Undergrad: 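Below is the structure I would like to discuss, written out as structure tokens.
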Amino acid sequence: MQRLIIEPFEKPIAQIKKFKILLFFVGKFVYSDAINCISRLNQENFNSFFFTHKVYQRVLILFLISLFSFNCSHFKSFKRIESRYGRSAPVLSNPKEAEAYPELTERNRLMGSLSPERTCYDVSHYNLNLNIDFQNKTINGYNSITAIAINDFSILQVDLGSEMNIEKIEYNGNELNYTRKEDAVFVEFPPISEETKFSFTVYYNGTPRVAPRPPWDDGFVWETDKAGRPFVAVTSEGLGASHWWPCKDHISDEPDSMAINITVPSELMCVANGQLVDTVEKSDDRTEYRWYVNNPINNYNVSINIGNYIAIQDTIQSLGQVRDATYYVLDYNEVVAREHFKEAGSVIRVLEYYFGPYQWWEDGYKLVQTPYLGMEHQTAVAYGNNFRIYDKSKSRSIYGFIDYIILHETAHEWWGNSITACDPADVWIHEGFGTYSEVLYIEYLFGYDLSIDYLIQKRRNIGNKKAIVGPRGQNYWGFSDAYNKGAWIIHTLRNVINDDELFFKTLKGFAVDNAKSIVCTEDVRDYFSEKTGIDLISFFNQYLFNRKVPILEFAQQDSTFYYRWLDVIDGFDMPVNLFVNKVETRLIPSTQTQMLDIPKYATVEIKDWEYLIIKKENNDLLPVGITSSE
């Protein structure tokens, strides 16, 4: 397949693609230079800038300098890569035994199902108001919920962690009766008619759960910074936002807007989602920070971050416009953050190139330093990667010079925040596309070959122990293979389409056409099928609803190449490309052995770097009495 060639006018950094090998070795220096270029440019003035500033010469000079500065530490890093991904690395396989899905608990049934008590109303607005007590690690306040009745009802379900205390629930000035079961709260209303707009308020307090291992195991994070001052944050994905604030805690229902009003000691600052619209000084030496989200937001993205923050103002070039960005970091990190966060401009620009406009400029773009690694909190991306990229013991990076957290968590502003899965079981839509965003970022900056190297590293961690899309309606978050296998499925889809221009047009179209909406796996399938004219039912059934990766068995004898699928569902008909003496040929295998005429003793390469498949030589495919010529 001919790879899509990006014209320099559209993709400035492609001008230096011919230096991609040099860039790999001097990545820290050239990448930083490229980031500065991209952050300052728009498409209209790039060409004149490029030639007047002689980027080619600068790259060449950097390379020559690197020949003298290249030292043993670089070779040691390559040795670490070899050790991690060498001969002892895991091999892609289909385990004989499937891994069971978690047993359905009563809590997960209540949290995961769309019962009549949930589907009877649609939330339009939350107004969350909280006081934070650092000394006792408690919170107290209220949330006013505005909603539309979808049908007539008298009982609805709202959710709040069972360890939190409900003081009262009010509707039209009257207290309502309620019952609690696990984290579900069933509230009794006077009869509410279909299409009625109504509001009720839950007053509560308590000691929220402390996060054992954020962001993977959720809760509040009560830490202190290096100066011994309070440094507090919260994570919710997986556990659910209702562990700390009352809401309709299902991923499929997002409010159209939200107010987040948090009161903290005046020496601290609270950063939340959206725009800071006001600060109010209280009489008890406390300050209320009022944030407002003007767009839909899923519950687990709602966050508060509290510390001795300073605000760094920046601008980002976005599709020909200059947009504001703000970075909130602890005061002693201002200098390092000003330099390190320059990467955000490049990340936004590249992601907009592939997926269309960033959807949240009305609410801003923020990076917020947190006491945990990171999280995709909408318009307030959590960053705890220590402003380091080479020190793998204290940070996560890609090839030592791309900050993983800035890239991956910002990618979620498209995949997870703008486009949200209809059920936690479909979370691969967030993580698979988020991880493939990393691949495309590398491809954009350094070319297709290096992006394939990155993908191959990701393939080593695929488990295939259970289907990516698990049981819906059970609060099952299907994270296990969502990242790496999800990315590989998208890459495989790209090569099944076999037309980069069509693939990228469809990819961007899906992101734009489904912006700020809820989608299921079937919606992804149907959109790509419609736009490409390819029936993708068996493809999605094999890769998303079945745990096993297709095995392509093959054998070669003289002038014949034999092949067939193994471990596939009925009707699986995915094509595969291969090279025969470096000439590309497209096969459509089935479970029946097929033959391809080839030149005698030809060199055949199955392009398994373009498909998530297991290739397996099997001489049993040869006619009886004939041995392989491979």
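Sequence positions, counted from 1, serve as the residue numbers for this chain. Every value quoted in this text rests on a predicted model; they were computed, and no experiment measured them.
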Undergrad: Among pairs that include at least one residue of residues 573-582, which meet salt bridge (charged side-chain N to carboxylate O under 4.0 Å, His left out), considering only residues two or more places apart or in two chains?
TA: K582-E605
Undergrad: Do K516 and E254 sit within salt-bridge range, that is, some charged N less than 4.0 Å from a carboxylate O?
TA: no
Undergrad: Strictly below 4.0 Å, N to O, side chains only: are R349 and E352 in salt-bridge contact?
TA: no
Undergrad: Only counting residues at least two apart or in another chain, list the ones meeting side chain to side chain donor-acceptor pair (under 3.5 Å) with T591.
TA: none
Undergrad: The criterion is side chain to side chain contact (heavy atoms under 4.5 Å, CB included); which residues satisfy it with S113, sequence neighbours excluded?
TA: S115
Undergrad: Going by the rule side chain to side chain donor-acceptor pair (under 3.5 Å), which residues pair with S437 if we only count those two or more places apart in sequence or in a different chain?
TA: none
Undergrad: Got a sec, which residues hit side chain to side chain contact (heavy atoms under 4.5 Å, CB included) with P102, two or more places apart in sequence or on another chain?
TA: Y476
Undergrad: Answer with yes or no whether the side chains of T492 and E610 bring together a donor and an acceptor at under 3.5 Å.
TA: no
Undergrad: Which residues pass the side chain to side chain contact (heavy atoms under 4.5 Å, CB included) test with N464, not counting sequence neighbours?
TA: L92, N94, P95, I462, D481, K485, V549
Undergrad: Considering residues at least two apart in sequence or located in another chain, which fulfil the side chain to side chain donor-acceptor pair (under 3.5 Å) criterion with H412?
TA: H408, E431
Undergrad: Per the disulfide (SG to SG under 2.5 Å) rule, what does the pair list look like for residues 505-597, sequence neighbours excluded?
TA: C422-C520
Undergrad: Pairs in or reaching into residues 523-542: which pass salt bridge (charged side-chain N to carboxylate O under 4.0 Å, His left out), with residues at least two apart or in two chains?
TA: none
Undergrad: What residues form a side chain to side chain contact (heavy atoms under 4.5 Å, CB included) with P214, not counting sequence neighbours?
TA: A211, V221, T235, Y372
Undergrad: Any salt bridge (charged side-chain N to carboxylate O under 4.0 Å, His left out) involving residues 462-474? Give me the pairs, sequence neighbours left out, ordered by first then second residue.
TA: E99-K466, D426-R472, R472-E522
Undergrad: Using distance only, find each side-chain donor-acceptor pair of residues 507-514 under 3.5 Å and give its atom names and separation, not counting sequence neighbours.
TA:
from : atom 1 : to   : atom 2 : distance (Å)
K508 : NZ     : Y353 : O      : 3.0
D513 : OD2    : Y527 : OH     : 2.7
N514 : ND2    : F510 : O      : 3.0

